[in-house]
Amino acid sequence: DVSGLNPGDVVAPGYMYGGKVDGVVYYVCQATGESVWELPSAEHLAAVMATRSRDPTAELKPGDAVAPGFVFGGYWKGIPFYVCQESGKSVWELPRSSPSA
C-alpha cells in the first residue's frame, strides 16, 4: 500500500517511491536513479544491506567484494546484481552459502 507516500520517500534499502504512471506504482533506485516497477525480494534487499553495513556511506563499485566468492557487478535497470568469481556468471541474489570449491 503506497497511500500516504510522497515521491522520494524511502520504501526499502536503496529504493524510494517514485510515484505512479497510469495508476501503476514505480520505484527509483537511489544509487542509479533508474526506475523499476517492482522492488527486489526481501532476501535481496537484506543482502544489499548486509553488504552496505560495512560502511553505509560507501557506494559499491563493480568489483567490490560482497560475499565469499562474489563481487558487486553493478546495476541493471536499477537492480543490483552480483558476479560469481569462480564461474563469471551474474546472479540477482547472493547465495546463502559460498560456492563449493
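- At a threshold of 4.5 Å between side-chain heavy atoms, the hydrophobic network of Ile, Leu, Val, Met, Phe, Trp and Tyr places V2 and V36 in one connected group.
- Residue W37 holds its CH2 atom at 8.0 Å from OH of Y26, rounded to the nearest 0.5 Å.
- Nearest heavy atom pair, residue V28 against residue S35, reads CG2-OG, 4.2 Å.
- Rounded to the nearest 0.5 angstrom, F72 CZ and D64 CG are separated by 8.0 Å.
- Atom NZ of K89 is separated from atom SG of C84 by 9.0 Å, given to the nearest 0.5 angstrom.
- Annotation: the span from K20 atom NZ to L5 atom CG amounts to 9.5 Å, rounded to 0.5 Å.
- Contact record, Q85 with V71: NE2-CG1, 3.3 Å, taken as the closest heavy-atom pair.
- Between atom OG of residue S87 and atom CZ of residue F70 there is a gap of 7.0 Å, rounded to the nearest 0.5 Å.
- Contact detail for G74 and P62: the closest heavy-atom pair is CA-CG, 4.3 Å.
- Tracing side-chain contacts under 4.5 Å through hydrophobic residues (I, L, V, M, F, W, Y), one reaches M16 starting from V21; they form part of the same cluster.
- Using modelled atom types, no side-chain atom of Y27 and backbone atom of L39 make a donor-acceptor pair closer than 3.5 Å.
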